Amino acid sequence: MNEEWLPLCDEEGNISGKELRSVCHNGKSMLLHPVVHLHVFNGDGALFLQKRAMHKDVQPGRWDTAVGGHVDPGESIEEALLRESSEELGLEGFGYELLRKYTWESDVERELVHSFKCTIASQPVIDTSEVDEGRFWTVNEIKKSIDKEIFTPNLQYELKEILRII
């Protein structure tokens, strides 16, 4: 199987090269690479979250951002957002807004996260090869679950910011 290549960037997002995913995720190189996150709300203000598949190498079985994924080499941030949204949730033709851009570092990797939000009227259709389950969470459900170790650390960080602005 061919291994995924990831673009490398600086803190402003300027691309400087590419490297194999295994090198970027080895916990040693900490090479900065761009990713996209999409927070999907419904008309009632509930937030759709996905439960990561148990076969994932990073944070299996934890609840995470509705859409999250690496930017491919040569792909724009917007192209990656639309591709990942279609692949993971079947979303097409939706409007979105950039919330923020920030650097996230874990024990395994270092990412330049481009965090977006959107509101949709339909139920997302999850890709069960990528995600174990998905559902809308109310603000109260999210608040009660913060710091209970059911969310990925990165989502937990973003949720605190999102709860502040919604």
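Small disclaimer: the values here were computed from a predicted structure and weren't measured.
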I want to check something: taking the side chain as every heavy atom from C-beta on, are [X] and [Y] in contact at a cut-off of under 4.5 Å?
{"X": "L38", "Y": "L81", "answer": "yes"}
{"X": "C24", "Y": "L6", "answer": "yes"}
{"X": "H33", "Y": "E109", "answer": "yes"}
{"X": "D72", "Y": "W5", "answer": "no"}
{"X": "N42", "Y": "F48", "answer": "no"}
{"X": "H37", "Y": "H114", "answer": "no"}
{"X": "E111", "Y": "V71", "answer": "no"}
{"X": "D64", "Y": "F151", "answer": "no"}

Under 3.5 Å, is there a donor-acceptor pair between the side chain of [X] and the main chain of [Y]?
{"X": "T152", "Y": "L155", "value": "yes"}
{"X": "D127", "Y": "S129", "value": "yes"}
{"X": "K101", "Y": "E12", "value": "yes"}
{"X": "S106", "Y": "V108", "value": "yes"}

What heavy-atom pair brings [X] and [Y] nearest, and what distance separates the two atoms?
{"X": "L32", "Y": "L112", "value": "CD1-N, 3.5 Å"}
{"X": "P34", "Y": "I77", "value": "CB-CD1, 4.2 Å"}
{"X": "S16", "Y": "C9", "value": "OG-N, 4.1 Å"}
{"X": "F116", "Y": "V36", "value": "CE1-CG1, 4.5 Å"}
{"X": "H70", "Y": "A80", "value": "O-CB, 4.5 Å"}
{"X": "K160", "Y": "D147", "value": "NZ-OD1, 3.6 Å"}

Taking atom types as modelled, is there a side-chain donor on [X] or [Y] under 3.5 Å from an acceptor on the other?
{"X": "T65", "Y": "E158", "result": "no"}
{"X": "E133", "Y": "Q50", "result": "no"}
{"X": "N140", "Y": "T138", "result": "no"}

Separation between [atom1] of [X] and [atom2] of [Y], rounded to the nearest 0.5 Å:
{"X": "E4", "Y": "R21", "atom1": "CD", "atom2": "CZ", "value": "5.5 Å"}
{"X": "E75", "Y": "L82", "atom1": "CD", "atom2": "CG", "value": "9.0 Å"}
{"X": "R135", "Y": "I126", "atom1": "CZ", "atom2": "CD1", "value": "12.5 Å"}
{"X": "E161", "Y": "Y102", "atom1": "CD", "atom2": "OH", "value": "9.5 Å"}

Can you give me every donor-acceptor pair (side chain of residues 90-100, partner residue at least two apart or in another chain, under 3.5 Å) with its distance?
residue, atom, partner, partner atom, Å
E92, OE2, S86, OG, 2.5
R100, NH1, Y157, OH, 3.4
R100, NH2, Y157, OH, 3.2

Looking at [Y] and [X], is any side-chain nitrogen of the basic one under 4.0 Å from a carboxylate oxygen of the acidic one?
{"X": "R110", "Y": "E11", "answer": "yes"}
{"X": "D132", "Y": "K51", "answer": "no"}
{"X": "E79", "Y": "R83", "answer": "no"}
{"X": "E141", "Y": "K144", "answer": "no"}

message: As a quick check of understanding, evaluate ring-ring contact (aromatic ring centres under 6.0 Å, His included) for F41 and W137, giving each step before the final call.
response: CA-CA 9 Å; F41 292 89; W137 292 59; over 10 Å; no
- request: Could I get the full list of salt bridge (Lys or Arg N to Asp or Glu O under 4.0 Å) partners for E19, not counting sequence neighbours?
  value: none
Sequence-distant partners of R62, salt bridge (Lys or Arg N to Asp or Glu O under 4.0 Å), two or more places apart: none
Treat each ILVMFWY residue as a node, draw an edge where side-chain heavy atoms are under 4.5 Å apart, and state whether [X] and [Y] are in one component.
{"X": "V67", "Y": "L47", "answer": "no"}
{"X": "W63", "Y": "I162", "answer": "yes"}
{"X": "V35", "Y": "V58", "answer": "no"}
{"X": "L159", "Y": "V131", "answer": "no"}

message: Take a 6.0 Å sphere around NZ of K56 and say whether it holds more than 12 heavy atoms from other residues, nucleotides or ligands.
response: yes
message: Looking at D10, I want to see if its CG is surrounded by more than 12 non-hydrogen atoms of other residues, nucleotides or ligands under 6.0 Å.
response: yes
- request: Test L89 against V40 for side-chain contact (heavy atoms from CB on, under 4.5 Å), laying out the working first.
  value: CA-CA 10 Å; L89 296 182; V40 177; 4.2 Å; yes
- request: Any chance you could lay out the side-chain contact (heavy atoms from CB on, under 4.5 Å) test for L49 and F136, step after step, and finish with the verdict?
  value: CA-CA 6 Å; L49 300 178; F136 282 101; over 6 Å; no
